[in-house]
Amino acid sequence: MLSILHAEALPDPRAPGGELRYITQHFLFLQGLRLAPFWAASLLVVIVAPLFQISRWHAGETLIIAMIAIAAIWLPWSHAWYRRNYGTIVNPTPQPAPLGLKIAILIYAAFFIGSGLFQSFSPYRGTLNLWAVLTFTLPPCFYPGPPSIFIRLRRALYTAGSATIFFVPWSVLFLHPSRYVVISAVSGTLLLLNLYDHWLLHHFLHPVALETSHD
Amino acid sequence: MTEPLHVTPGPAIPEIDRVVHEPARLAILTVLAACERADFLFLEGATRLTRGNLSVQLTRLEEAGLIDIEKTTHRNRTLTTAALTRDGRRALASYWQSMEALRALAKNETVKATKAARPVRIPQRRPAVATT
């Protein structure tokens, strides 16, 4: 009798609910709109500052004020908004220590030790400090995920984003681009990643009343 | 007189827990297995069940002792949260083990059936090559 069953027709323990598990475990990280305004403000300032010939000092001041305002107003409001619209979960199952985070910390630590040893690195320290954001962008590249095209796309985007964030500040050493260009490239990448995260969360959690069973 | 039909006993089919096997309940249990506790709204969005259906399934799971439902009041609103019990976690793990065993069994049986149904290849004689 079993010969008429197809093994593929039975649910695979690794596949079913893979998306559900992924969304639950990454629920907090997928709340992209919480951080998106920080990158949007940063992008706006570095685009507007050269256009209106605002000095670097004033641009920096504006950015810091914008960041504080966003942190004070936007963060609590967006937290409540996500809670109201998508619900809450308590203590998602902890992830295994992500390899990406270790790699990111190693890159960053290596740079700091390097810049301490070689004083010629010092002028670039401010720009290369942008590598700190690799601690956010690298881990999602290594998280195991279900074979879903949208989750694979997330991983691909994070991989491309991490590569951009790694190479753009590094290019300061030999291409000497303006700091505005470097910051806008990094901010733009982070903004894109955060917007995709929010879209993914909405895609998987948007309540569409589908009756799958009423047993 | 006809010969009695001999049925060879097949491999034992693993038992599947029907409470867990139902897709809506399996989805709820999968979500709860990935966190400590989840609220009704999150479960509704994740499982894409209607409120009524989700409520019914949660009650069934609670009756089966697989989940624990807690109702609290937060800013004059009732917040319903659910968590997997120890039995629920055990039942889910056992369900996936049974399903894995069933898959393996079905795979073996399919391979056997395919081998049995494969036609025997008779080697063909090569045509003689004319030599000059």
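Per chain, numbering begins at 1; letters A, B, ... match sequence-line order. Everything numeric here is computed off the predicted structure, so don't read it as measured data. Every heavy atom of this structure was used, including side-chain atoms; hydrogens, water molecules and symmetry mates were not.
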Separation between OG1 of A:T88 and CG of B:D39, rounded to the nearest 0.5 Å: 3.5 Å
Would you compute the distance between atom OH of A:Y86 and atom CD of B:E44 and round it to the nearest 0.5 angstrom? 13.0 Å
Can you check side chain to side chain contact (heavy atoms under 4.5 Å, CB included) on A:L205 and B:F42, steps first, answer last? CA-CA 7 Å; A:L205 289 185; B:F42 182 82; 3.6 Å; yes
Any chance you could measure A:L20, atom CG, to B:L32, atom CG, to the nearest 0.5 Å? 10.5 Å
CA sep, side-chain torsions, deciding dist, call: A:R21, B:T30, side chain to side chain contact (heavy atoms under 4.5 Å, CB included): CA-CA 7 Å; A:R21 211 174 298 135; B:T30 304; 4.1 Å; yes
Examine whether an atom of B:A33 lies under 4.5 Å from a heavy atom of chain A, and if so say whether it belongs to the side chain, the backbone or both; otherwise answer neither. backbone
Atom pair CG/CD1 of B:L41 and A:I89 - distance to nearest 0.5 Å: 12.5 Å
Chain B heavy atoms under 4.5 Å from A:F27: which part of the residue, side chain, backbone, both or neither? side chain
Bottom line for B:R51: the part with an atom under 4.5 Å from chain A's heavy atoms is neither
Please table the atom pairs, donor to acceptor, closer than 3.5 Å between any side-chain atom in residues 37-46 of chain A and protein atoms at least two apart or in another chain.
{"unit_1": "A:W39", "atom_1": "NE1", "unit_2": "A:N194", "atom_2": "OD1", "d": "2.7"}
{"unit_1": "A:S42", "atom_1": "OG", "unit_2": "A:S187", "atom_2": "OG", "d": "2.7"}

Find the distance between CD1 (A:I23) and SG (B:C35) and round it off to the nearest 0.5 Å. 13.0 Å
Does a sphere of radius 6.0 Å around NE2 in A:H203 hold more than 12 heavy atoms from other residues, nucleotides or ligands, not counting ones at 6.0 Å or beyond? yes
